[in-house]
There are 2 protein chains.
Amino acid sequence: MPWSRNIKPAGGNADPAAADSQPSVTATPIRSSSSIKPRCGTCILRPHCLPAGLAPEQLRKFENMVQQFATLKPGEHLFRVGDNFHSLYAVRSGCLKTCAVDPNGREHVLNFHFVGEIIGIDAIFPEQHFADAIALVESSVCHLPYRAISQFAREVPELQVQLVRALSRHVFSMTSISGDFSADERLAAFLVMVGARNRLAGGSATEMQLAMSRQDIANYLRLATETVSRILARFQKSGLLRANRRQITLLNPDGLYAIAECMNPYSRCGINRRRADGGTTRN
Amino acid sequence: MPWSRNIKPAGGNADPAAADSQPSVTATPIRSSSSIKPRCGTCILRPHCLPAGLAPEQLRKFENMVQQFATLKPGEHLFRVGDNFHSLYAVRSGCLKTCAVDPNGREHVLNFHFVGEIIGIDAIFPEQHFADAIALVESSVCHLPYRAISQFAREVPELQVQLVRALSRHVFSMTSISGDFSADERLAAFLVMVGARNRLAGGSATEMQLAMSRQDIANYLRLATETVSRILARFQKSGLLRANRRQITLLNPDGLYAIAECMNPYSRCGINRRRADGGTTRN
DNA sequence: CGACAGCTTGAGTCATTTCAATCGTTGTGG
DNA sequence: CCACAACGATTGAAATGACTCAAGCTGTCG
C-alpha cells in the first residue's frame with residue numbers, strides 16, 4: 001500500500017514575494033508571473049477551452065476576466081482539499097494531477113489535467129475543493145474566476161453552452177476508466193489517451209515524455225506501482241512500445257488500441273464518428 | 001490472454017420480460033401515460049430536481065416544457081445506445097440503470113438512477129447516448145426536452161445554475177466509486193448510499209427493497225455476482241444487516257458507514273458539513 | 001562520490017474470480 | 001392444485017490476476 005505519498009515541500013522553492021493575493025491560512029502557493037495577462041485571442045488552445053466559439057468582442061471581455069496566469073513548479077499545489085472554490089483553471093502548459101488521500105492513507109489520483117483542460121469543475125457543486133491539485137512538471141494555468149465567468153455566461157449563451165459541454169464531456173470521459181477492465185486494458189487505454197492528448201497539445205501521439213510517475217499512474221488506474229512496471233515491461237517485450245523511465249514510444253499504436261478498445265465508448269455503437277473526445281484517438 | 005472475464009451474455013438479462021412492446025430495432029419504446037402532465041409545482045421532488053429554486057411564473061413555464069410523462073415496465077428501455085440525444089429525464093418513481101456492453105460482451109452498469117435524479121446529462125456533450133437506460137422496476141420519468149430547457153436557461157439564470165450544479169454534482173459523486181477500494185468498502189458504501197437515496201425519496205434509510213439484481217450491483221461495483229452474495233452473507237453474519245433477496249435491512253448503519261467511510265469525499269477534509277450529496281448520509 | 005528517489009524484477013500471498021452445484025421463488029401449464 | 005421449468009441467489013472449491021514484500025537497479029543531484 002502506497003502510504004508513501006510524495007509530500008513535496010511546496011514552500012521550499014516558492015518565491016514568497018511573488019504576488020501573494022491570498023493571505024489565508026491554507027494559502028495556496030501560487031507563483032504568479034504577475035503582470036502577464038493571457039491572451040485568449042491568440043491562444044492555440046482556444047478551440048478546446050471555455051471561450052471556444054465566442055465572438056471577438058465577447059472574447060475581449062472574457063480575456064479581461066482571466067485574472068491571473070500562475071506558474072507552478074513540480075510538486076506545487078494549485079489548490080488543496082478544503083480550499084474554498086472560487087475559480088476554474090485552464091492548463092496552459094505542463095500537466096497537473098488532482099488527487100485525494102482517503103482516511104486509510106491511500107492516495108487516489110482522480111484525474112490528470114493536460115494542456116487545454118479545465119480543472120475544478122467538480123468543485124462547483126460543493127463550492128469547495130475535495131481534492132488537491134498538484135503540478136507534475138513545471139506548469140502554467142489560467143485563472144478563471146467562477147463568479148465572473150458564471151455571471152458573464154448569463155449574458156453570453158455561447159459560453160453557457162461551453163460550460164455545460166465541458167462538464168458533460170468530463171462525465172463522459174469518466175465513465176470509461178470507472179468501468180471494470182483488466183490492468184492491461186486500463187494501461188493500454190491510458191497510454192493511447194496520453195498520446196492523443198499529447199497530440200492535441202501540439203506534440204506527437206506516439207512519442208512522449210510522461211509527466212507523471214509510475215506511482216501516479218498506478219494510483220490513477222487503481223493498480224500497484226509494480227504492476228504498472230510489469231505490464232510496461234510485457235508490452236515492451238511484445239513490441240507494443242518502448243519505455244525508458246518516463247520516455248515512452250508507442251511502436252504499435254494499433255496493437256495498444258486493440259487492447260484498449262473495450263474502453264472506448266464510441267466503439268459501443270455502430271458509430272464511426274470522429275473521435276471527438278481524444279480519449280481514444282488511434283495513433 | 002489470461003484476462004478471461006465474466007462474459008455475461010448481454011442477452012441474459014437484457015430484457016427478456018420487456019421485449020414485448022418493442023417491435024422496432026432502435027425506436028425508443030416510451031410507454032406514455034400520455035395526457036398526464038407532471039406538475040412541478042406540487043412535486044415533492046422539486047427541491048432535488050432541475051426546477052429547484054425557480055420563481056412561480058418561471059416554474060409554470062418550465063412545467064409547460066415538460067412534455068411527456070412516461071411509464072416504463074421492468075426491463076423496458078428509456079433509450080438505447082446510439083439514440084440521438086434530445087432530452088433529459090427526471091425519475092419520478094421507480095429506479096433505472098444506465099449500462100453499456102463493451103466489445104468483449106461485458107456489461108458495465110454506469111449508474112443507478114433513483115427518484116429525483118436526472119438521467120442523460122452525460123449525453124449532452126456527445127449529443128448521442130452511449131448507454132442504455134433500462135427500468136429496473138416499474139418506473140415513471142418526466143421528459144425534459146433539452147433544446148427547450150437549454151433555451152429557457154438562457155433567460156433564467158437560476159435554471160442555468162441548477163443545470164451546472166447537477167452536472168458538477170454528478171462528476172463529484174462519480175469520483176468516489178471510480179476510486180480504488182476493496183469489495184467490502186464498495187458494497188458497504190453502496191448500501192449506505194441506497195439507504196440515503198431511499199430516504200430522500202420518502203422511504204426509510206435502513207429498510208429497503210432493492211430495485212436491482214445482484215448481477216446489476218456487481219456490474220456496477222466491478223465485482224462478480226458471487227462476491228456480492230458472499231459479502232452480503234458475511235455482513236449478515238457479523239450483524240451489520242439482514243438480507244433476504246432484495247429485501248435489505250441495515251441493522252448497524254454506523255458499522256457499515258465505518259467500512260464505507262473511506263469513500264466519503266467529505267471525510268477527506270476537516271469539514272463537518274451537512275452531507276449534502278446524500279451519498280454517505282449516516283442512518 | 002554517495003545518497004536518494006524512482007523504477008524494475010522476483011517470489012510468495014491474498015482477494016476476488018471462475019467454475020460448478022444447489023437451493024429457493026416465481027410463474028406456467030396441465 | 002401440483003409438477004415443473006426457469007431464473008436469481010447462494011455456497012463451495014479451485015484458479016488466478018494483481019498485490020505485497022523485498023531486493024536490486026539506474027539515474028539524478030548536492
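Throughout, a chain's letter reflects where its sequence line sits, starting with A, and its residues are numbered from 1. Heavy atoms only: backbone and side chains are in, while hydrogens, waters and symmetry mates are out.
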Next on the checklist: How many whole angstroms separate atom CD of Q215(A) from atom P of dC19(D)?
Outcome noted: 12 Å

Checklist outcome for this item: In whole angstroms, the gap separating P of dG8(D) from CG of L210(B) amounts to 15 Å

Give me the distances for all protein-to-nucleotides 26-30 of chain D N/O pairs that come in under 3.5 Å?
{"residue": "dT26(D)", "atom": "O2", "partner": "R245(A)", "partner atom": "NH2", "Å": "3.0"}

Item to check | Cationic N near anionic O, under 4.0 Å, E107(A) to K97(A) | outcome: yes

Checklist outcome for this item: Looking only at heavy atoms, the pair that brings T227(A) and A183(A) closest together is CG2-CB, 4.3 Å

Checklist entry - Do you know the tightest heavy-atom contact between C262(B) and P103(A)? => result CA-CD, 3.5 Å

Checklist entry - Between atom CD in Q247(A) and atom C1' in dT8(C), what is the gap in whole Å? => result 18 Å

Checklist entry - Touch check for L232(B), heavy atoms < 4.0 angstrom, all strands: base, sugar-phosphate only, or nothing? => result nothing

Item to check | Candidates dC19(C), dA18(D), dA9(D) - which lies nearest the side chain of E226(B) | outcome: dC19(C)

Checklist entry - Rounded to whole angstroms, how far apart are CZ on R106(A) and P on dC19(D)? => result 12 Å

Checklist entry - Among dT16(C), dC7(C), dA18(D), which is the nearest nucleotide to the side chain of A183(B)? => result dT16(C)

Checklist entry - What is the minimum heavy-atom distance between V141(A) and L96(A), and which atoms define it? => result CG1-CD1, 4.0 Å

Checklist entry - Quick one: R246(B) CZ to dG24(C) C1', roughly how many Å, whole number? => result 15 Å

Checklist entry - Should the heavy atoms of other residues, nucleotides or ligands under 6.0 Å from CZ of R246(A) be counted, would the total exceed 12? => result yes

Item to check | Minimum-distance nucleotide (side-chain atoms of D184(A) versus dA18(D), dT8(C), dG6(C)) | outcome: dA18(D)

Item to check | Stepwise side chain to side chain contact (heavy atoms under 4.5 Å, CB included) test for R186(A) and I177(A) | outcome: CA-CA 7 Å; R186(A) 291 212 294 280; I177(A) 58 126; 5.7 Å; no

Checklist entry - Touch check for R234(B), heavy atoms < 4.0 angstrom, all strands: base, sugar-phosphate only, or nothing? => result nothing

Next on the checklist: So, using salt bridge (Lys or Arg N to Asp or Glu O under 4.0 Å) as the criterion, who are the partners of R234(B) when residues are at least two apart?
Outcome noted: D184(B)

Checklist outcome for this item: Of dG10(C), dT11(D), dA18(D), the nucleotide closest to the side chain of T227(A) is dA18(D)

Next on the checklist: Which nucleotide wins on minimum distance to the side chain of S229(B), given the candidates dT9(C), dT11(D), dA18(D)?
Outcome noted: dT11(D)

Checklist entry - Given atom CZ of R214(B) and atom P of dT16(C), what is their separation to the nearest angstrom? => result 18 Å

Checklist entry - Taking all atoms of both residues into account, what is the closest heavy-atom pair of S178(A) and M174(B), and its distance? => result OG-CE, 4.2 Å

Checklist entry - CG of L136(A) versus P of dA5(C): gap in Å, rounded? => result 18 Å

Item to check | Expected output: side-chain T249(A) to main-chain L251(A) donor-acceptor under 3.5 Å | outcome: no

Checklist entry - Hey, what bend do you get for the helix from dC1(C)-dG30(D) to dG30(C)-dC1(D) if you fit axes on five pairs at each end, rounded to 10°? => result 30°

Checklist entry - Would you call R214(B)-E226(B) a salt bridge at under 4.0 Å N-O? => result no

Checklist entry - Within the structure shown, what part of the strands sits under 4.0 Å from R186(B) by heavy-atom distance: base, sugar-phosphate, or nothing? => result nothing

Item to check | Atom-to-atom span, CG of L223(A) to P of dC7(C) - whole angstrom | outcome: 15 Å

Next on the checklist: With nearest nucleotide decided by heavy atoms, which residue, M212(B) or D180(B), maps closer to the 5′ end of DNA chain D?
Outcome noted: M212(B)

Checklist entry - Closest to the R230(A) side chain: dT17(C), dT9(C), dA18(D)? => result dT9(C)

